[in-house]
Every structure is written in structure tokens, then in C-alpha cells.
Amino acid sequence: IDGLHGHEEWRAGDWQGFQEIDLDATIDLGEVCEITAVRAGFLQDQGSWIWLPEVMTVHISVDGKTFELYGAQRSELDRKADGKHLATLEAKRAAKARYVRVVAKNIKNCPDWHRGAGGKAWIFADEIEIDRK
């Protein structure tokens, strides 16, 4: 959450990588406020075993204990797409929250058709952005 977006060249170090596990981040906004959108940036480079998440879900809470689903989005990019692809997944609606939990589901293993079939898959994420009113 440094405000710097990752580039297609992932070796530059602008990405957070998660191998075989989900991205699961909870952000404390410090106070209850109205939010209008939550988005996160991801990279797919299937040749390097980096995949967009299966789905990104966003949950919100005012107390940090009880969370409700805020929204979800799946990527429409074909997993077989060659090259490097940037994608922003987003959930959007007005709601009150102090805590925002973002979960991006990792595909866990490279698909059967992939040259690394069965190998541990990566998710690369950069910024989580939250719009507040």
C-alpha cells in the first residue's frame, strides 16, 4: 500500500507474491467511514507461473469481528493468455466500514495443460485501494 503500482516487469520488485496460498489482508481504516469502492491490482504471466486470482472477495466490518460480504469480482482473462497482463479487480458500493478484508483466491497449482503442471502457482498483487466518501 505504498501507492506505487506494479509494472509488467515483475522482477523490478513492485509486487507482493503469494505462492500456493491466498492473499488475505485486513486493513484497519482507523474509524468507521463510508467506503464506495475497493480495488486491487494483479499480474498474470503464466510462463512464470503467475496467475490472476480465481476470484477476489471483499468483506467489511465495523467492529473487526463480524464481517459481511461487500463484493466480489472474477477476472475475465483467459488463463492460457501468453505474455504479461495487468488486471484490476474491484468491488463497488456505498457502505459503512472500519475494517476491510481482501481475499484473492490462488489457483494453488499450475493447470494440467501448463508446462509446470502441478507446480505451485503464484499470485502477484500490488496496491489495495479503498475509496472513501
Side-chain angles (χ1 to χ4, degrees):
I1 55 172
D2 60 5
L4 302 175
H5 290 272
H7 301 281
E8 288 180 352
E9 182 44 61
W10 55 266
R11 290 175 184 91
D14 296 329
W15 297 93
Q16 292 291 313
F18 301 87
Q19 187 179 32
E20 198 181 27
I21 61 171
D22 300 334
L23 175 156
D24 189 341
T26 301
I27 298 129
D28 181 351
L29 300 173
E31 63 184 4
V32 174
C33 57
E34 186 170 346
I35 63 171
T36 56
V38 178
R39 74 187 65 77
F42 299 96
L43 171 72
Q44 179 167 302
D45 181 3
Q46 59 101 340
S48 297
W49 302 18
I50 303 167
W51 309 91
L52 294 178
E54 289 184 297
V55 63
M56 180 189 80
T57 58
V58 179
H59 295 79
I60 58 173
S61 173
V62 293
D63 63 6
K65 297 174 187 165
T66 304
F67 284 81
E68 67 178 71
L69 181 64
Y70 174 78
Q73 185 180 14
R74 294 183 181 278
S75 168
E76 295 182 15
L77 181 67
D78 184 349
R79 293 220 184 277
K80 292 184 180 182
D82 285 329
K84 298 173 184 174
H85 303 273
L86 301 175
T88 300
L89 300 182
E90 180 178 55
K92 234 175 149 171
R93 70 179 171 94
K96 299 254 188 234
R98 174 175 173 169
Y99 300 91
V100 178
R101 182 177 180 207
V102 176
V103 178
K105 290 289 190 184
N106 193 317
I107 67 168
K108 309 294 185 217
N109 300 100
C110 297
D112 292 341
W113 55 264
H114 190 264
R115 67 180 170 83
K120 295 177 182 178
W122 288 88
I123 285 180
F124 272 32
D126 65 353
E127 294 302 297
I128 295 173
E129 298 173 323
I130 301 168
D131 293 346
R132 297 195 244 186
K133 213 170 196 191

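In this text the structure is predicted, and so the values were computed from the model without any measurement.
Between D28 and R101, no side-chain nitrogen of the basic residue sits less than 4.0 Å from a carboxylate oxygen of the acidic one, so the salt-bridge criterion is not met. Ion pairing between R39 and E129 holds under the 4.0 Å rule for side-chain N and carboxylate O.
In terms of heavy-atom proximity, A94 sits nearest to E34 at CB-OE2, 3.1 Å. The two residues A25 and I128 make their nearest non-hydrogen contact at CB-CD1, 4.0 Å. In plain terms, the two heavy atoms of A91 and A72 that are nearest each other are CB-N, 4.2 Å. When every heavy atom of W122 is checked against every heavy atom of S48, the shortest pair comes out as CD1-O, 4.5 Å. Between G116 and C110 the shortest heavy-atom distance is O-CB, 3.3 Å. I107 and L52 get closest at one heavy-atom pair: CG2-O, 4.3 Å.
Panel note: side chain N106, backbone I21; a donor-acceptor pair is recorded below 3.5 Å. Under a 3.5 Å cut-off, the side chain of Q44 and the backbone N or O of D78 do form a donor-acceptor pair. In this structure, S61 contributes its side chain and D63 its backbone to a donor-acceptor pair below 3.5 Å.
Side-chain heavy atoms closer than 4.5 Å link hydrophobic residues (I, L, V, M, F, W, Y) into clusters, and following such links, even through other members, never connects L77 to L43. Hydrophobic clustering of Ile, Leu, Val, Met, Phe, Trp and Tyr side chains at less than 4.5 Å, counting indirect connections, unites I60 with V38. The cluster map of Ile, Leu, Val, Met, Phe, Trp and Tyr, joined by side-chain heavy atoms under 4.5 Å apart, puts I50 and L86 in the same cluster.
Residues passing the side chain to side chain contact (heavy atoms under 4.5 Å, CB included) test with K92, sequence neighbours excluded: A37, E90.
At least one side-chain heavy atom of D45 sits less than 4.5 Å from a side-chain heavy atom of W10. With contacts defined as side-chain heavy-atom distances shorter than 4.5 Å, the pair K96/K133 does not qualify. The shortest side-chain heavy-atom distance between D14 and D126 does not fall under the 4.5 Å cut-off.
For CD of Q16, the number of neighbouring non-hydrogen atoms (other residues, nucleotides, ligands) closer than 6.0 Å is 12 at most.
Note that the CH2 atom of W15 and the NE2 atom of H5 stand 9.5 Å from one another [nearest 0.5 Å]. A distance of 11.0 Å separates OG1 in T57 from CG in L89, rounded to the nearest 0.5 Å. Atom-to-atom distance recorded for F18:CZ and K105:NZ is 13.5 Å, nearest 0.5 angstrom. Summarising the geometry, atom CD1 belonging to I35 is positioned 7.0 Å from atom CG belonging to L29; distances are rounded to the nearest 0.5 Å.
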(Q) With side chain to side chain contact (heavy atoms under 4.5 Å, CB included) as the criterion, how do Y99 and I27 come out once you've worked through the C-alpha distance, each side chain's angles and the decisive distance to 0.1 Å? (A) CA-CA 6 Å; Y99 300 91; I27 298 129; over 6 Å; no
Q: With side chain to side chain contact (heavy atoms under 4.5 Å, CB included) as the test, would you mind laying out the steps for F124 and F42 before giving the verdict?
A: CA-CA 6 Å; F124 272 32; F42 299 96; over 6 Å; no
(Q) Set out, in order, the CA-CA distance, both residues' side-chain angles and the distance that settles side chain to side chain contact (heavy atoms under 4.5 Å, CB included) for L23 and V103, then state yes or no. (A) CA-CA 5 Å; L23 175 156; V103 178; over 6 Å; no
Q.
For a side chain to side chain contact (heavy atoms under 4.5 Å, CB included) check, start with the C-alpha distance between D22 and K108, then their side-chain angles and the critical distance, and finish with the verdict.
A. CA-CA 8 Å; D22 300 334; K108 309 294 185 217; 2.8 Å; yes
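Evaluation of the side chain to side chain donor-acceptor pair (under 3.5 Å) test over residues 66-76, restricted to residues two or more places apart or in two chains, returns E68-R93. Pairs passing the side chain to side chain donor-acceptor pair (under 3.5 Å) check and including a residue from residues 111-121, sequence neighbours excluded, read Q46-H114.
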